[in-house]
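Working notes, structure below.
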Amino acid sequence: MNLSLPPQIQKLIDERVRSGQYGSPEDVVAAAVATLDQQEKRGDFAPGELHRLLEDGEAGGDALDGDQVFAELRALRPREQGNGG
């Protein structure tokens, strides 16, 4: 398959190969297509929606301590019978 790519895309591909991140232009395109495939499979978010949600979360206040949150969740969980605890 032969493709005609705009100069700005060709430049991006060439930069990735020159940086050593990829062995060939074909490797860059394969990685790009794989990423596109993953994004489309997720399909849960409109374009840009996930980014906006992440920004909203970061702007939403102080971060929570993960260990503390899990400890609180465990404390809320009903105790199982017959396992000694």
Side-chain angles (χ1 to χ4, degrees):
M1 171 188 300
N2 291 321
L3 299 173
S4 295
L5 300 172
Q8 64 269 27
I9 301 297
Q10 289 179 6
K11 181 180 175 188
L12 289 172
I13 292 171
D14 291 341
E15 288 172 358
R16 299 305 191 287
V17 174
R18 272 196 308 276
S19 74
Q21 288 177 277
Y22 299 91
S24 69
E26 290 81 4
D27 292 342
V28 177
V29 173
V33 171
T35 300
L36 176 64
D37 186 51
Q38 289 175 350
Q39 289 175 346
E40 288 179 349
K41 285 180 180 176
R42 281 191 295 236
D44 297 337
F45 299 100
E49 182 181 8
L50 180 58
H51 182 72
R52 284 190 300 277
L53 290 171
L54 289 172
E55 285 179 340
D56 289 347
E58 290 173 349
D62 295 331
L64 300 174
D65 180 271
D67 292 334
Q68 180 180 350
V69 170
F70 282 118
E72 291 174 11
L73 289 172
R74 286 184 193 101
L76 293 173
R77 182 177 60 195
R79 297 233 183 248
E80 294 182 22
Q81 305 271 333
N83 67 359

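Given the structure is predicted, the values throughout are model-derived calculations rather than measurements. In what follows, every heavy atom counts, from backbone to side chain, and hydrogens, waters and symmetry copies are set aside.
For the atom pair Asp67 CG and Glu72 CD, the distance stands at 11.5 Å (nearest 0.5 Å). Within the model, atoms CZ of Phe70 and CG of Asp65 stand 10.5 Å from one another, a figure rounded to the nearest 0.5 Å. The line from CZ of Arg52 to CG of Asp56 is 9.0 Å long, rounded to the nearest 0.5 Å.
Within the 4.5 Å cutoff, the side chain of Glu15 has heavy atoms near those of the Leu12 side chain. No side-chain heavy atom of Lys11 sits less than 4.5 Å from a side-chain heavy atom of Gln8.
Every pair tested for salt bridge (charged side-chain N to carboxylate O under 4.0 Å, His left out) that includes a residue from residues 17-36 fails, sequence neighbours excluded, so the list is empty.
There is no path of hydrophobic side-chain contacts, each under 4.5 Å, that joins Leu50 to Leu36.
Nearest approach of Val17 to Gly23, heavy atoms of both residues: CG1-O, 4.3 Å. When all heavy atoms are compared, the tightest approach of Val28 to Arg16 is CG2-CB, 3.8 Å.
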